[in-house]
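Keep in mind that what you see is a predicted model, and the values were worked out from it rather than measured.
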Amino acid sequence: MRTCNCPNCNANLTIEDDNRDFAFCQYCGAKIMLDDYRSTQRIVDEAKIKQAEFDREIRLKELALQEKQNEQKQRSRKILTNLWIIASVIVVIIVLGLGFFNEMGILAAFDAAFFLGGPIIVGGGIFIFKTLPEKDNEQKEIANGGIRFPKSVFPYDEKSYTVVENAISSVGFTNIKSVNMHDITLGLLQKPSMVDSITVNGENITSGGKVYRPNVPIVITYHGK
């Protein structure tokens with residue numbers, strides 16, 4: 001249904017548009033051509049179809065560009081991973097060649113090689129590779145208030161527990177407990193107040209540098225009467 005005015009008597013008409021090319025005025029009988037209306041409607045519909053096709057082509061191009069960018073990122077990650085592996089292997093070979101193998105043992109040599117895999121110059125540019133994934137976690141822990149356990153307390157077997165306790169508390173740890181083993185009797189050679197072990201969160205530690213929360217439970221056991 002559509003409305004129009006009769007071109008002859010100007011009457012306001014309501015005409016059923018059933019794909020006819022013309023109709024007649026209900027009042028004066030004049031013939032009314034309907035082709036102009038349908039042509040206009042057809043042009044509008046074709047414009048909408050073209051716009052929809054254009055939008056679809058734009059979307060396909062955007063998806064193709066995004067997929068290409070993702071592929072480039074994946075290739076870049078793969079290249080960096082391969083370079084990091086190659087750099088680590090080179091450093092291992094260098095360390096073993098310098099005699100670390102005999103002096104430090106296999107595991108220590110590989111540890112040293114792993115941590116020495118620092119700046120690598122490739123193609124004229126310098127790529128910095130982190131030696132362990134845990135480094136990222138440590139930085140996050142420090143940013144959230146974590147504290148690095150002091151290396152200065154090691155080795156601790158010839159240090160007084162008070163010295164060790166002060167060194168640990170001075171960096172910010174708050175939950176420290178010193179426990180007397182009461183193991184010194186006549187005839188034994190242990191020195192009073194010397195540290196026997198250090199546990200952090202229930203685990204014995206023999207080296208510093210690891211990051212913990214400030215309130216992590218720390219227990220220092222020492223020799224005493």
Side-chain angles (χ1 to χ4, degrees), residues 77 80-81 83-120 127-225:
R77 293 194 193 99
L80 290 175
T81 301
L83 289 174
W84 182 84
I85 294 173
I86 293 171
S88 299
V89 171
I90 292 173
V91 174
V92 168
I93 294 172
I94 293 174
V95 170
L96 296 180
L98 291 175
F100 277 68
F101 180 85
N102 292 331
E103 296 181 7
M104 301 171 61
I106 296 175
L107 295 178
F110 272 89
D111 276 341
F114 207 61
F115 280 101
L116 288 174
I120 307 298
F127 294 88
I128 306 300
F129 299 96
K130 293 185 177 178
T131 56
L132 285 174
E134 286 78 4
K135 290 295 181 181
D136 289 335
N137 295 331
E138 286 185 356
Q139 294 302 323
K140 291 179 182 178
E141 286 290 336
I142 292 174
N144 292 327
I147 302 173
R148 197 177 297 278
F149 200 90
K151 297 180 180 180
S152 60
V153 302
F154 300 95
Y156 52 69
D157 53 355
E158 292 295 327
K159 291 184 175 67
S160 170
Y161 76 93
T162 56
V163 173
V164 173
E165 184 176 334
N166 290 335
I168 297 173
S169 62
S170 65
V171 298
F173 289 103
T174 58
N175 190 7
I176 307 170
K177 183 178 181 181
S178 296
V179 178
N180 188 345
M181 298 175 64
H182 298 291
D183 59 345
I184 295 182
T185 58
L186 294 177
L188 294 181
L189 300 178
Q190 286 90 345
K191 297 179 181 179
S193 77
M194 295 295 103
V195 175
D196 177 72
S197 66
I198 301 175
T199 63
V200 178
N201 206 22
E203 295 182 0
N204 283 306
I205 60 171
T206 57
S207 61
K210 191 173 180 179
V211 178
Y212 301 94
R213 303 298 298 173
N215 62 344
V216 66
I218 299 174
V219 178
I220 305 169
T221 58
Y222 64 92
H223 303 287
K225 294 182 180 181

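The shortest non-hydrogen separation linking Val153 to Lys159 is O-CD, 3.8 Å. Summarising the geometry of Pro214 relative to Gly172, their closest heavy-atom pair is CB-O, 3.9 Å, with the distance given to 0.1 Å. Residues Asn180 and Lys225 approach most closely at ND2-O, 3.4 Å, considering heavy atoms. For the pair Phe173 and Pro150, the tightest heavy-atom approach, listed with the atom from each and the gap, is CE1-CD, 4.2 Å. When every heavy atom of Lys191 is checked against every heavy atom of Ile184, the shortest pair comes out as C-CD1, 3.8 Å.
A side-chain hydrogen bond (donor to acceptor under 3.5 Å, both in side chains) check over residues 163-176, counting only residues at least two apart or in different chains, returns the pairs Glu165-Ser178. Sorted pairs that involve residues 193-216 and meet ring-ring contact (aromatic ring centres under 6.0 Å, His included), not counting sequence neighbours, are lacking altogether.
Here the CD1-OH distance, from Ile198 to Tyr156, works out to 5.5 Å after rounding to the nearest 0.5 Å. Residue Ile168 holds its CD1 atom at 11.0 Å from CD1 of Ile147, rounded to the nearest 0.5 Å. Taking CG from Asn137 and CD1 from Ile142, the interatomic distance works out to 11.0 Å, rounded to the nearest 0.5 Å. Between the CD atom of Glu141 and the CZ atom of Arg213 there is a distance of 6.0 Å, given to the nearest 0.5 Å.
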One pair to check against side chain to side chain contact (heavy atoms under 4.5 Å, CB included): Met181 and Asp196. What are the steps and the verdict? CA-CA 9 Å; Met181 298 175 64; Asp196 177 72; 3.4 Å; yes
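Across Thr221, Asn204, Ile220, Val179, a single residue satisfies side-chain contact (heavy atoms from CB on, under 4.5 Å) together with Thr199, and that is Asn204.
Counting only heavy atoms from C-beta outward, the side chains of Ser193 and His223 never approach each other to under 4.5 Å. Using a 4.5 Å heavy-atom cutoff, the side chains of Tyr222 and Thr162 are not in contact.
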